[in-house]
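Heads up: the structure comes next, in structure tokens.
Letters A, B, ... are given to chains in the order of the sequence lines, protein chains preceding strands, and every chain is numbered from 1. Treat the numbers as computed from the prediction; the structure is a model and nothing was measured.
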Amino acid sequence: MNHTYHKAEKLKSKKLIEALFSEGKSVSAYPLRMVYIKTHFEDDIPCKVGVSVSKKRFKKAVDRNHIKRLLREAYRLNKWDIFNNIDEQYAFMILYIGKDKLTFHEINDLSKKLFSKFLKHIHKD
RNA sequence: CAAGUAAAUCGCCUUAUCGCUCAGUUUUCUGGGAGGAAAGUCCGAACACCGUAGUGCAAACAUAGUGGUUAAUAGCCACCGGCCGAGAGGUUAGGAAAAGUGCAACAGAAAGAAUGUACAGGUCAUGCUGUAGUGAAAUCAGGUAAACUCUAUGUGGUGCAAUGCCAUGUAUACCAUCGUUUGAGGGCGGCACGUUCAAUGUUGGAGGGUAGGCAGCUAAAGUUUAUUGGUAACAAUAGAUUCAGAUAAAUGAUAAGGCACUUUCAUAAGAUUUCUUAUGAUAUGUGACAGAAUUCGGCUUAUAGAUUUGCUUGAAAC
RNA sequence: GGCGUCUUGGCCGAGUGGCUAGGCAGUGGUCUGCAAAACCAUCUACAGCGGUUCGAAUCCGCUAGACGCCU
């Protein structure tokens with residue numbers, strides 16, 4: 001049960017991302033929003049994840065990079081909450097739709113909330 | 001000591017835990033991992049491609065005191081001149097108005113064409129001379145070239161999403177139209193010459209595919225120390241050194257301690273209410289600007305706080 | 001990453017270096033029994049900072065913002 005987030009766990013395929021945004025479903029816990037889709041990967045990884053911050057809301061590259069790092073950190077520490085409760089493979093993307101910067105602790109709590117919401121949604125289906 | 005001015009430097013640190021990325025080793029370890037501006041993309045190059053871009057004309061753009069420096073520049077250095085400042089110093093697109101064309105609102109008699117108001121002087125007589133008045137500018141070879149222009153010099157274009165290779169796919173296809181070996185039409189992004197392609201033709205319509213990987217990609221006009229030459233920019237020689245390479249895009253998060261600044265309080269000293277300095281405590285306080293993307297050299301812009309040095313002015317003491 | 005274009009009142013939109021047009025909207029009035037229309041008046045601008053010039057929305061730099069292109 002290691003808290004890693006290396007290259008293979010990142011969502012990189014352009015086709016898959018386009019499919020995600022056109023066909024995927026979403027859950028949100030403001031200022032976080034998550035878009036997800038059920039899919040199948042070649043390698044044995046439960047989820048592939050990407051993060052995104054709008055350039056319109058944060059003009060400076062420093063701010064965008066910092067928020068993305070915090071989002072990745074939060075995912076890394078909480079991902080086993082998801083892994084232990086799903087049977088199929090998923091691709092999803094976490095978006096930051098707020099306008100103000102938050103601290104790590106706030107983002108961490110919000111991520112936990114977001115993931116539990118996500119699990120509720122997929123178990124309903 | 002106060003105020004100012006010029007230049008240079010640093011721009012949070014340490015430890016622990018959990019991670020990211022590259023390289024090596026090979027199966028879990030070792031080592032490297034943002035900046036002075038990495039930014040803006042404003043100049044100059046390297047490098048790559050465009051059928052090697054030839055000659056003449058025209059156009060467009062850029063530069064503009066003199067000398068030096070550099071791979072190169074519109075950068076930098078020194079000096080001369082102009083403007084600002086009491087000074088140290090700052091700033092300066094600073095060729096030509098006797099080649100030509102244009103422009104000058106309002107005011108004013110009059111704005112480049114000649115005339116003319118008031119007063120005074122002068123003359124045989126007359127703007128002939130001076131002063132006043134308007135204006136940024138009023139007769140002076142006038143002003144204005146960041147107005148056109150002229151002079152001198154320079155410039156082919158596009159940019160690493162350049163470009164090459166591999167994989168996948170494939171269309172020199174289809175429909176309509178135009179034209180022809182008596183040279184249509186196209187390339188050399190304006191024209192002419194010249195040259196070259198020319199049924200695998202031109203123009204239009206409708207439509208399909210890729211958007212993955214590798215190279216380019218980091219050892220270079222590199223960084224740094226010393227000496228020598230030069231007022232300086234800079235150059236030469238010798239030694240040392242290897243220092244990011246991602247691609248939905250690494251360099252972070254958490255905890256503790258320290259450092260700097262700020263707030264408030266206390267004590268002491270100096271002096272006038274109040275202020276200054278020093279020491280200690282205090283707070284969930286603050287720690288700027290900002291994130292490599294082909295690579296260098298400059299310029300410009302942003303920047304909390306701290307440090308050092310030269311010079312100027314003023315005051316006091318010796 | 002690279003290359004380019006634009007910015008004039010609340011909105012649209014003209015403007016050869018000489019007090020920044022015009023329309024719509026807003027506000028106040030005239031008219032009306034009340035409103036609409038019409039008429040009159042009024043308010044609000046050259047993205048910001050420097051430079052050239054007697055004088056800059058206009059010419060020249062720098063900065064900010066908005067938008068487009070590349071495969």
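Within residues 64-77 of chain A, the residues that have a heavy atom under 4.0 Å from RNA chain B are, in order of number, A:N65, A:H66, A:R69, A:L70, A:R72, A:E73, A:R76.
When each of A:V62 and A:G50 is assigned the nucleotide of RNA chain B with its nearest heavy atom, A:G50 is the one assigned upstream, toward the 5' end.
The side-chain contact (heavy atoms from CB on, under 4.5 Å) check on A:S28 picks up A:R33, with sequence neighbours excluded. Among residues two or more places apart in sequence or in another chain, the side chain to side chain donor-acceptor pair (under 3.5 Å) test is passed with A:D63 by A:K101. A:R76 meets the side-chain contact (heavy atoms from CB on, under 4.5 Å) test with A:H3, A:Y5, A:E73; sequence neighbours excluded.
Between A:H3 and the phosphate of B:rG252, there is no side-chain N or O to OP1/OP2 separation shorter than 4.0 Å. At B:rC22, one or more side-chain N or O atoms of A:K7 fall inside 4.0 Å of OP1 or OP2 (strictly under the cut-off).
Here the closest heavy-atom approach between residue A:N78 and residue A:K112 is recorded as OD1-CE, 3.3 Å.
Applying the Watson-Crick and G-U wobble criteria (two distances, each under 3.5 Å), B:rC61 pairs with B:rG154. Across all strands shown, B:rA246 forms no Watson-Crick or G-U wobble pair with both key distances under 3.5 Å. Remark: C:rU32 base-pairs with no nucleotide in the shown strands. Criterion, Watson-Crick or G-U wobble with two distances under 3.5 Å. Under the Watson-Crick and G-U wobble criteria, each requiring two contacts below 3.5 Å, nucleotide C:rC19 is left unpaired.
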Donor-acceptor pairs are to be reported for all side-chain atoms of residues 64-71 of chain A against protein atoms at under 3.5 Å, with residues two or more places apart or in another chain.
residue: A:R64; atom: NH1; partner: A:F58; partner atom: O; Å: 3.0
residue: A:R64; atom: NH1; partner: A:K59; partner atom: O; Å: 3.1

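Taking only side-chain atoms of A:A61, from C-beta outward, the nucleotide of B:rA292, B:rA253, B:rC22 with the closest atom is B:rA292. Looking at the side chain of A:H6, the nearest of the listed nucleotides B:rG19, B:rA253, B:rU21 is B:rU21.
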Are any protein N/O atoms closer than 3.5 Å to N/O atoms in nucleotides 23-27 of chain B? If there are, list each pair with its distance.
none

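Atom NZ in A:K10 sits roughly 8 Å away from atom C1' in B:rA249 (whole-Å rounding). Between the CD atom of A:E9 and the C1' atom of B:rA250 there is a distance of 15 Å, given to the nearest Å. If you measure from atom NZ of A:K60 to atom P of B:rG291, you get 7 Å, rounded to the nearest angstrom. Atom pair A:H105:NE2 and B:rU284:C1' shows a separation of 12 Å (rounding to whole Å applied).
Between A:F118 and A:F92, the ring-plane angle classifies as tilted under the 30° and 60° cut-offs.
Nucleotides B:rU303 and B:rA290 are separated by 8 Å at their P atoms, to the nearest Å. When the P atom is used for both B:rC197 and B:rG169, the distance is 37 Å, rounded to whole Å.
Within the 4.5 Å cutoff, no side-chain heavy atoms of A:D81 are placed close to those of A:S116.
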